[in-house]
Amino acid sequence: MPSWPTTAVEAIAVQEKLRGLVEVVDVGPAPRYVAGLDVAYDGDRLAAAVVVLDRGTLREVDRAVVRGETTFPYVPGLFAFREVPALLAALERLTTRPELLVCDGQGLAHPRRFGLACHLGVLTGISAIGAAKTTFVGTHAHPAPERGATADLLDGDEVVGAAVRTQDAVKPVYVSVGHRVSLPTAVEHVLHLAPRYRLPETTRVADRACREGLQGG
DNA sequence: GCGACAG
DNA sequence: ATCTTGTCGC
């Protein structure tokens, strides 16, 4: 974590500097190992978890949970600075190297087009996508009620992501490009990873893992 | 100026 | 994120 920003001004400067490194096209073959990342909090204590699932079976093959303390407050637009340090530490402790990071938050659907998924992708060089429960920037038409339906997430006239219906009649999940993946591919991944519930299995398993890590460990 | 604002 | 039980519905 060399020269990690401390202030909002510094953090924004980092985003402006790294945003140009984001790659919005598909790179590499279809991933086999996909990771889910999430962080849970209890005051200033936190637990970050990265779980790795086999994309074919959706079975967990590896996981790493690290505990620590917050070093940056939650500021809309600077969310990554709060979670990235702990998530990178967890990623380093994995035995299996994931080929896709499914992040709990936005990728390009961010005010400066550099959300958590872009940040983690650029720093690790691993393909990444954002799968958020709510929008941050952008508006969209209502996708059809059937699973698989999508609607462009538009910020002005720019498509920054997609509202994806992962199950019939459930609220959409907001998908956006993080790094080295195209938007259509990102949407395919999320649909594949959510065969039964609204959220991708990667997110569900990671959410449980970090909550457990907050208590036990 | 005022409200909204990923997790 | 987190505070928080039961309850309505498929």
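By convention in this document, chain letters (A, B, ...) are assigned in the order of the sequence lines, proteins followed by strands, and residues within each chain are numbered from 1.
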Just so I know, are the side chains of [X] and [Y] near enough to count as touching, which here means a heavy-atom distance under 4.5 Å?
| X | Y | result |
| --- | --- | --- |
| A:L199 | A:V173 | yes |
| A:H119 | A:F114 | yes |
| A:D104 | A:L37 | no |
| A:R147 | A:R165 | no |
| A:S176 | A:L153 | no |

>> Strictly by ring-ring contact (aromatic ring centres under 6.0 Å, His included), give each pair with a member in residues 148-193 of chain A just once, sequence neighbours left out.
In response: A:H140-A:Y174
Pairs of donor and acceptor atoms involving the side chains of residues 84-103 of chain A, under 3.5 Å and at least two apart or interchain, shall be tabulated with distances.
| from | atom 1 | to | atom 2 | distance (Å) |
| --- | --- | --- | --- | --- |
| A:E99 | OE1 | A:R32 | N | 2.7 |
| A:E99 | OE1 | A:Y33 | N | 2.8 |

Check: [Y] main-chain N/O paired with [X] side-chain donor or acceptor under 3.5 Å:
| X | Y | answer |
| --- | --- | --- |
| A:R198 | A:K171 | yes |
| A:Q15 | A:G77 | yes |
| A:Q106 | A:P111 | no |

> Step by step, would you call A:Y74 with A:E83 a side chain to side chain donor-acceptor pair (under 3.5 Å)?
Replying inline: CA-CA 9 Å; A:Y74 168 67; A:E83 307 211 327; over 6 Å; no
> What dot-bracket string describes DNA chain C from 5' to 3', counting Watson-Crick and G-U wobble pairs whose defining distances are under 3.5 Å, with [ ] for crossing pairs and | for pairs to another strand?
Replying inline: ..........
> Which residues satisfy the side-chain hydrogen bond (donor to acceptor under 3.5 Å, both in side chains) test with A:E60, sequence neighbours excluded?
Replying inline: A:R63
>> The criterion is side-chain hydrogen bond (donor to acceptor under 3.5 Å, both in side chains); which residues satisfy it with A:S182, sequence neighbours excluded?
In response: A:D26, A:T185
Looking at [range], who's got a heavy atom less than 4.0 Å off DNA chain B?
| range | value |
| --- | --- |
| residues 138-147 of chain A | none |
| residues 117-132 of chain A | A:A132 |
| residues 148-186 of chain A | none |

>> Given a 3.5 Å cut-off on both pairing distances, which stems involving DNA chain B, each at least three consecutive Watson-Crick or G-U pairs, are present, if any?
In response: none
> Of all residues at least two apart in sequence or in a different chain, which pass the side-chain contact (heavy atoms from CB on, under 4.5 Å) check with A:R180?
Replying inline: A:E23, A:V27, A:S127
> What string of B, S and - do you get for nucleotides 4-10 of chain C, 5' to 3', if B is base contact, S is sugar-phosphate-only contact and - is no contact with any protein heavy atom under 4.0 Å?
Replying inline: -------
> Under 30°, 30 to 60°, or over 60°: which ring-plane class applies to A:F136 and A:H110, parallel, tilted or perpendicular?
Replying inline: perpendicular
> Atom CG of A:D38 and atom C1' of C:dA1: how far apart are they, to the nearest Å?
Replying inline: 9 Å
> How long is the line joining CZ of A:F79 and P of C:dA1, in whole Å?
Replying inline: 8 Å
>> My understanding is that only one of A:V50, A:V51, A:V52 makes a side chain to side chain contact (heavy atoms under 4.5 Å, CB included) with A:D62; could you say which?
In response: A:V52
> Just the endpoints, please: which first and last nucleotides of DNA chain B, 5' to 3', lie under 4.0 Å from a heavy atom of chain A?
Replying inline: B:dC5 to B:dG7
